[in-house]
Amino acid sequence: MDSSRRRVLQLLGLSSLALTATPVLNAFAKEAGHTEEPEPIIKPDKKALTAKQWAMVIDTRRFKSAADVEPLAAVCDTIHNVPHLQNKRHEIKWIWETHYHNAFPGEAGRFLSEEVEHRPFIVLCNHCENPPCVRACPTKATFKRESDGIVLMDFHRCIGCRFCMAACPFGARSFNYRDPRPFIKKINSQYPTRMKGVVEKCNFCAERLAVGQMPACVEASGGKLTFGDLYDPQSEVRELIRANYTIRRKQVLGTEPSVYYIV
Amino acid sequence: MLELAIKGGKKYYGWMTFLLVIVGVGFLFYLRQLDFGLGITGLSRDTSWGFYIANFTFLVGVAAGGVMVVLPYYLHDYKAFGRVTILGEFLAIASVLMCVTFILVDLGQPTRILNVFIYFSPRSVLFWDTIVLNGYLFLNIIIGWNVLEAERNQVHYQAWLKPLIYISIPWAVSIHTVTAFLYCGLPGRGFWMTAILAPRFLSSAFAAGPALLILCCLIIRRVSNFDPGREQIQSLAKIVAYAICINVFFFLCEVFVTFYSNIPEHMDHIKYLFIGLQGHAAYVPWMWTSMGLMLIGIILTVNPITRKNEGVLAVACVLIFLGTWIDKGLGMIAGGFTPSPLHEVNEYIPSLPEILIALGVWAMGFLVLTALFKMAVGVKEELHD
């Protein structure tokens, strides 16, 4: 009795060992070069725009009222399938308008010029050079693309832990607290929709840069927003930063935001 | 030894059924959350962590608190605690289980949890938290189980356990340190940006954990033939007394630094919690209650006359447990997120489904705790009969 039980256990152990053999053998075969699969190659579009670190300059002097901001946010929302949820807690925002003292808390002077006080300030992801959100992510679902410095999101890898939202000092990230699809007016099939339970944010229109187009908000702004390579001294953004006094949000935190504001 | 956990009287089964019902209710609401998304909670764009993560944080503390019986026994050879070390270890197991479950119910895409291991990211504190929590869980299961079994067989536990026991002591400190690092390393969150956060977490842990253990000891004495011992309870009470004093002291240090330096970004969170900000003050009564409870707890545990009275001590332990829970389980997370990075105040109030799911997790933890304690007490009864 006892010996037969032992025998069964031995057989079970051996067969479970056999189960693990296939992947091991496969690995060896691969190493020897037998089942070599060709690596997929992604050819960049010839028209693709490239930079060492993309940056944006916002000329806030040219924004007078909400009407100046509205079209920029609208085009972004349409292109990226950003839903419009009624419940304020569940809002998804990529680019939006706020006050000077909200965009730059702690830096707003006390007796500020009324014009600046009432000027609409555009806020979006800063695509920081030292992004704390990327540091925080436990799955590398959010990452800083080495080729051009854009902070991107892999919606399919994100586990929805929201550590990145706690880490972002700019409130740039949104979480899908429910299925966003019923709240998209017209789905743009050129860009993925998201599912519930993942984080999203502005991507500097990486999908448009790849085919040679400027970010949608920049295109719609009529020159109020400028986009270019921060590390190209001849670029338009560098020209503007050189010629004008610019500020960045919470510069003191050392995240090195790539969005500059002319005030 | 598991058989000891399934043999019990009417009261035992009644209690377990009661807990199972709460687990069931919580689970039903969790199914609803799985279906709808985390939108059924009170969480928002501004306050992206709430009740689940707060309870997780508190329970990491309770788990770490278990070390307060392990350390004196194994490191200082304080023999009296030999009777109760197993209770500390089993409390740690149940608490870490609750912690892990709280993390799971907080995830937006729980089915992708293995991504944490597939795309392992050593720069993320959350990755390290996963490592230390699971490590602590396994350490306590291995140690607790083997030591108890050895005790039952009236032999000395295996020699290879000794190094694990020693490792488990600093490991307990590490779980709460790493949990504090989740918060205090985030730029732009003034409330958490303090080097004293980990020490604060540990001090409240060493108050709340042993306080719960004292209550468990008193209950065990009442419902079983095993007496954890008066000396043991009194020693634990002294630990609670010191820890809660240190916890309040650390908090006052925080208050001094914040308000004497007068930096708005740091002050606003504490103001929000204790006096309200921009007309929002939902947490104010809770926070003052927490302070009051901890203060009464100090008076009752430090004063030897009240401490030595076990009835009063039980009350003190309840007060301290509740006080530290409000402080950490309610104020610590919501307070850090309010005001938001854009300095807006959007108050976070946990929703009913959220509270019920959390209760379900607590009930699950107490179910495991009861079964484990039943086992431990069963072994002790066999030996002392």
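Fair warning: this is a prediction, and the values are worked out from it, not measured in the lab. Labels below follow one simple rule: chain letters A, B, ... track the order of the sequence lines, proteins then strands, and each chain is numbered from 1.
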Spacing of CZ belonging to A:Phe155 relative to CD belonging to B:Gln109, to within rounding of 0.5 Å: 13.0 Å
Backbone of B:Phe36 reached by a side-chain donor or acceptor of A:Lys196 within 3.5 Å: no
Salt-bridge contact A:Arg162-B:Asp106 (side-chain N to carboxylate O under 4.0 Å): yes
A:Arg61, CZ: over 12 other non-hydrogen atoms inside 6.0 angstrom: yes
NZ or CZ of A:Arg157 within 45° of B:Tyr119 ring axis and under 6.0 Å: yes
Top contributor to chain B interface from A:Cys137, A:Pro105, A:Ala166 [non-hydrogen pairs under 4.5 Å]: A:Ala166
Within 6.0 angstrom of A:Lys64 NZ, more than 12 heavy atoms from elsewhere: yes
Portion of B:Thr111 that has a non-hydrogen atom of chain A nearer than 4.5 angstrom: neither
A:Tyr177 side chain vs B:Ser44 backbone, donor-acceptor pair below 3.5 Å: yes
Other residues, nucleotides, ligands: >12 heavy atoms within 6.0 Å of A:Glu115 CD: yes
Under 3.5 Å: donor-acceptor pair, side chain of B:Asn115, backbone of A:Thr139: no
Engaged part of A:Phe163 at the chain B interface, taking heavy atoms whose separation is under 4.5 Å: both
Proximal component of A:Lys250, with respect to chain B [non-hydrogen, under 4.5 Å]: side chain
Greater than 12 external heavy atoms within 6.0 Å of B:Phe27's CZ: no
Atom pair OG1 (A:Thr98) and NE2 (B:His343), whose distance is rounded to the nearest 0.5 Å: 12.5 Å
Neighbour count above 12 (heavy atom, 6.0 Å) for B:Phe120 CZ: no
Shortest non-hydrogen separation from B:Pro341 to A:Pro169 and the atoms involved: CB-O, 3.2 Å
Option in B:Gly37, B:Gly188, B:Ser48 with maximal non-hydrogen atom pairs under 4.5 Å from chain A: B:Ser48
Over 12 foreign heavy atoms within 6.0 Å of CD, B:Glu3: yes
B:Trp286, CH2: over 12 other non-hydrogen atoms inside 6.0 angstrom: no
Exceeds 12 heavy-atom contacts within 6.0 angstrom, atom CH2 of B:Trp128: no
Under 4.5 Å from any heavy atom of chain B - which part of A:Ser174: both
Atom pair CD1 (B:Ile113) and CD1 (A:Ile159), whose distance is rounded to the nearest 0.5 Å: 5.0 Å
Contact origin within A:Arg173 toward chain B - heavy atom pairs under 4.5 Å: backbone
Contact class of B:Phe337 relative to chain A, heavy atoms under 4.5 angstrom: side chain
Donor-acceptor contact present, side-chain B:Arg45 to main-chain A:Gly171, <3.5 Å: yes
Closest non-hydrogen atom pair between A:Cys161 and B:Leu126, with its separation: SG-CD2, 3.6 Å
Atom pair CZ (A:Arg89) and OH (B:Tyr348), whose distance is rounded to the nearest 0.5 Å: 9.5 Å
Options A:His101, A:Met195, A:Lys88, ranked by heavy-atom pairs under 4.5 Å with chain B, top entry: A:Met195
Sub-4.5 Å side-chain heavy-atom contact between A:Arg249 and B:Leu342: yes
Taking every non-hydrogen atom, the tightest pair across A:Cys168 and B:Arg189: O-NH2, 3.7 Å
Top of B:Ile118, B:Asn346, B:Leu182, B:Val125 for chain A proximity - count of heavy-atom pairs under 4.5 angstrom: B:Leu182
B:Arg112 side chain to A:His156 backbone, donor-acceptor under 3.5 Å: yes
Interface moiety of B:Leu43 toward chain A, non-hydrogen atoms closer than 4.5 Å: both
Best-contacting candidate, A:Glu91, A:His99, A:Met165, against chain B by heavy atom pairs under 4.5 angstrom: A:Met165
Engaged part of B:Ser340 at the chain A interface, taking heavy atoms whose separation is under 4.5 Å: neither
B:Leu114, part contacting chain A, at a heavy-atom distance under 4.5 Å: neither
Chain B contacts, top residue of A:Cys158, A:Ala172, A:Gly254 (heavy-atom pairs, under 4.5 Å): A:Cys158
Part of B:Pro264 within contact of chain A (heavy atom distance under 4.5 Å): neither
